[in-house]
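A short write-up of the structure that comes next.
Hydrogens, waters and symmetry mates are skipped; everything else that's a heavy atom, side chains included, is used. Predicted, not measured: the structure shown is a model, and the values here were computed from it. As the structure lists them, so they are numbered: ligands from 1, and atoms in each ligand from 1.
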Amino acid sequence: MENRLIDDRHIDFLLYEVVDAESLCELSYFSDHGRDTFSLYLQQARKLAREVLYPTYRTLDLEPPELKDGAVRVHPELEKILPRMVDLGVVSATRPYEVGGQQLPFLIFGMANAYLMAANLAAYGYLGLTTGAARLIESFGSEDLKSQYMKRMYSGEWTGTMALTEPQAGSSLADVATRAVLTDEGHYLLSGTKIFLSGGDHGITDNIVHMALARIEGAPAGIKGVSLFVVPKKRFDGEDLVDNDCVVSGLFHKIGWRGLPSISLTFGDRGDCRGYLVGEAHQGIRYMFQMMNEARLMVGLNGASTASAGYLEALRYAQDRPQGRRLKGREPGAPQVPIIEHADVRRMLLRQKAIVEGGFALLAKASALQDRGEHADDERERERASLLLDLLTPIAKSFPAEWGFEANTLSVQVHGGYGYTSEYLPEAWWRDQKLNSIHEGTTGIHGLDLLGRKVMMKGGQPLMLLGEAIAESVAAAHEAGVEGAWCEALQAAVATVGELTAHLGGLGMAGDPEGMLLHSDDYLSLLSIVVVAWQWVDMAAAAKRGLARGEDTERAFYEGKLYAAQYWIATELPKTTVLAELCRTGEDSYVRIDALSF
Ligand SMILES: Cc1cc2nc3c(=O)[nH]c(=O)nc-3n(C[C@H](O)[C@H](O)[C@H](O)COP(=O)(O)OP(=O)(O)OC[C@H]3O[C@@H](n4cnc5c(N)ncnc54)[C@H](O)[C@@H]3O)c2cc1C
């Protein structure tokens, strides 16, 4: 049996039985769509993922890009694969008709992209950032930038990058030092070095458009002095394209995502790198947040997809691999049983299922909020959706990355010794997964963002909205006949979060930000567990409704959801008590220990 990468039935369940994707079509922006267009898009993505992207996954992993004569050479297979993804709509499907898009909900786009990610994360990575880069120009750029660059990016003729990181400015973008000097001709001359640029050079398309943060000469220090520029690899000189002095100064050798180059890029070695200001000066970070927030949901999807590929491979292996005998009635000479018969292997599989499916459910919810936040016809609905999404984004990014890494570790473990060899794929997905807790903000930074900013913003409104949304889910779960104890456990955990947040907020207000944020990582874990328990209560309610419809062919599917919900609520939710206690008591060994005592 081949690896299905992602369970189609689970994705359809989320779309049509849990988050009600079709209700998005009531919004005018999506009114041309319906289940038929959603299904068609998903079906094409599934086919492309399984028939085109997956077969080249190992090849790209084994034959990474090379830097030769100042240019990056990537695997030739990519020249065939990328246009197929562009044709599907990977760059522009969510964008308005006016710019060549299909006005497809982000919810459908994200779930479809998940298949491409699960099949071949590196190949997807070439185009993954192009949408966000072009969208920055669409939202904030001049008409010239739109006609010269954005159009060619949305059409897939050129790709785009996110050029933020510098050697001294990774987590701390306030320290961006790339310089921009205004010329009499109206453009800027840039100088500086960016590092870790994904897809920063590849030779598959004629041009690459870097969306770069830089500091205009004389700008204020810190984050308020950072501006956003379009810095193309090749710039226009009349109708011609000429070299824009962006020099590939290094190629990183990575442990995962090996088919996609990550480079360092030096602007202005010859003093001739032109940058074109996007929007107003010194507003670069504000603009860039549009791209970063979308990219964070995409990283969450990377995480859930990579964990899913590992989980389904482990499930397949566990059904096929004979080893040992059952504990009860063990008789010498009796045939061995498939390892899925052993309780500990089942534990590993159910844990992966709970993480993977819970992660996809969270991302489906976050994506639907993104659609409503941007396109709801009612302004208040847009505001509420955006606020709740703001709160969920650090969790939707880091839960699939952190717990997903654990799921990929379990996938290796289920394979025993074979899992530790490169003859089997789980080790490759495990390597790929690790990046997701690092790029687009490390987990540590997202913990600080969640507790230091998101839960406290607007007088704590986002957390109140979360409480209301969970209360609605609990009411629907009661009605569907979900176990009362599960709902009570979830509500008790929500109450714990409320009390703890008030306590920690009090520390912040009393001038003790260190005390408040000491356990921000534990706080992120706590809220992640609760938010995923919310997903499992929602899925349990949908499963109960499905069982009540009495379709026998679906019984095992729905019962699987109930077992996974039980697992999450019984084994993960109790951990929130310990995490809350750590946050509250402010256990401080790691801050008090002297650096010499480590
Ligand atoms: C393969 C790959 C692809 C990438 N792609 C891109 C890309 O396309 N474009 C781009 O611009 N960047 C990209 N990045 C860069 C990535 O976003 C950064 O690596 C990341 O933000 C972390 O920055 P850093 O590496 O400088 O680590 P640092 O910021 O030095 O962090 C090191 C450690 O210190 C912790 N830390 C740092 N500051 C704090 C703090 N204030 N409080 C608590 N803990 C802290 C971090 O959590 C981390 O654990 C990529 C990176 C990789 C590895």
Side-chain angles (χ1 to χ4, degrees), residues 60-61 64-65 72 121-122 124-133 136 159-178 192-202 208-214 222-223 226 228-229 231 246 248 250-267 284-285 287-289 291-296 298-299 302-303 306 394 397-398 401-402 405 431-453 513-514 516-524 590-591:
L60 296 193
D61 183 57
V72 175
L121 206 44
Y124 170 80
Y126 285 81
L127 299 176
L129 287 172
T130 303
T131 318
L136 282 176
T159 60
T161 75
M162 180 193 242
L164 317 180
T165 308
E166 298 177 6
Q168 79 298 338
S171 300
S172 170
L173 292 175
D175 293 306
V176 159
T178 292
T193 297
K194 295 288 175 184
I195 58 168
F196 289 135
L197 256 69
S198 299
D201 194 55
H202 47 66
I208 302 173
V209 181
H210 308 293
M211 301 306 293
L213 292 181
I223 212 84
V226 174
L228 176 63
F229 294 88
V231 186
C246 301
V248 182
L251 175 70
F252 291 94
H253 301 104
K254 297 177 295 183
I255 59 169
W257 295 60
R258 282 164 53 84
L260 176 71
S262 294
I263 62 160
S264 53
L265 192 67
T266 300
F267 296 141
I285 288 289
Y287 299 152
M288 193 44 101
F289 260 108
M291 183 173 185
M292 290 196 288
N293 281 332
E294 206 169 289
R296 284 166 181 174
M298 283 299 172
V299 170
N302 292 162
T306 307
K397 190 271 179 189
S398 45
E402 293 289 349
F405 187 66
R431 288 186 278 110
D432 285 345
Q433 181 69 276
K434 188 63 211 129
L435 180 61
N436 294 322
S437 61
I438 296 171
H439 64 168
E440 287 309 327
T442 60
T443 303
I445 294 300
H446 283 288
L448 291 169
D449 178 50
L450 179 69
L451 181 55
R453 218 167 66 81
E514 273 100 2
M516 172 185 166
L517 296 173
L518 184 59
H519 285 275
S520 50
D521 183 65
D522 291 321
Y523 185 90
L524 174 63
Y590 47 76
V591 280

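- In this structure, the side chain of Y590 engages the main chain of L518 through a donor-acceptor pair within 3.5 Å.
- Residue-level proximity to ligand 1 for K194 is absent, since no heavy atom of it falls below 4.0 angstrom.
- Close approach of ligand 1 to M162 is summarised as follows: ligand atoms under 4.0 Å from at least one heavy atom of the residue are 7 (C), 8 (O), 9 (N), 10 (C), 11 (O).
- Considering only non-hydrogen protein atoms, atom 3 (C) of ligand 1 sits nearest to S198 OG, 3.4 Å.
- The shortest N or O to N or O distance between T442 and ligand 1 is under 3.5 Å.
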For a side chain to side chain contact (heavy atoms under 4.5 Å, CB included) check, start with the C-alpha distance between L173 and I223, then their side-chain angles and the critical distance, and finish with the verdict. CA-CA 7 Å; L173 292 175; I223 212 84; 4.3 Å; yes
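- Here the heavy atom of the protein found nearest to atom 37 (C) of ligand 1 is S171 OG, 3.6 Å.
- Nearest to atom 18 (C) of ligand 1 among the protein's heavy atoms is T165 OG1, 4.3 Å.
- The protein heavy-atom contact nearest to atom 6 (C) of ligand 1 is F196 O, 2.8 Å.
- The presence of a protein heavy atom under 4.0 Å from atom 47 (O) of ligand 1 is confirmed.
- Formation of a donor-acceptor pair under 3.5 Å by the D175 side chain with backbone atoms of Q168 is not found in this model.
- A distance-only check finds a donor-acceptor pair linking the side chain of D432 to the backbone of W257 [under 3.5 Å].
- Atom 26 (O) of ligand 1 has G170 CA, 3.2 Å as its closest protein atom, hydrogens excluded (heavy atom only).
- Ligand 1 places these atoms under 4.0 Å from at least one heavy atom of K254: 1 (C).
- Under the 4.0 angstrom criterion, atom 32 (C) of ligand 1 counts as lacking any protein heavy-atom contact.
- For atom 28 (P) of ligand 1, a protein heavy-atom neighbour is found at a distance under 4.0 Å.
- Contacts between L164 and ligand 1, counted as non-hydrogen atom pairs separated by less than 4.0 Å, involve both the backbone and the side chain.
- Scored by the salt bridge (Lys or Arg N to Asp or Glu O under 4.0 Å) test, D521 finds no partners at all (sequence neighbours excluded).
- Proximity of S262 to ligand 1, defined as any heavy-atom pair under 4.0 Å, is confined to the side chain (atoms from C-beta onward).
- Evaluated by nearest non-hydrogen atom to atom 17 (O) of ligand 1, the leading choice among Q168, K434, H446, E440 is E440.
- The atoms of ligand 1 that sit less than 4.0 Å from any heavy atom of L435 are 1 (C), 2 (C), 52 (C), 53 (C).
- The closest protein non-hydrogen atom to atom 20 (C) of ligand 1 is I438 O, 3.6 Å.
- Remark: F252 engages F196 in a ring pair (Phe, Tyr, Trp, His ring centres under 6.0 Å) (not counting sequence neighbours).
- Scanning all protein heavy atoms for the shortest distance to atom 42 (N) of ligand 1 gives L448 CD1, 3.5 Å.
- Remark: side-chain polar atoms of H446 are paired, donor with acceptor, to backbone N or O of E440 under 3.5 angstrom.
- Of the options N302, L260, L435, L60, a side-chain contact (heavy atoms from CB on, under 4.5 Å) to L121 is made by N302 and by none of the others.
- Note that CD of E402 is 5.5 Å distant from NZ of K434, once rounded to the nearest 0.5 Å.
- For atom 41 (N) of ligand 1, the nearest non-hydrogen atom of the protein is I445 CD1, 4.3 Å.
- Cation-pi geometry between K194 and F267 is not met: the NZ or CZ atom fails to fall both under 6.0 Å from the ring centre and inside 45° of the normal.
- The closest donor-acceptor contact from the side chain of T130 to the backbone of G160 lies under 3.5 Å.
- Within the 4.5 Å cutoff, no side-chain heavy atoms of L129 are placed close to those of T161.
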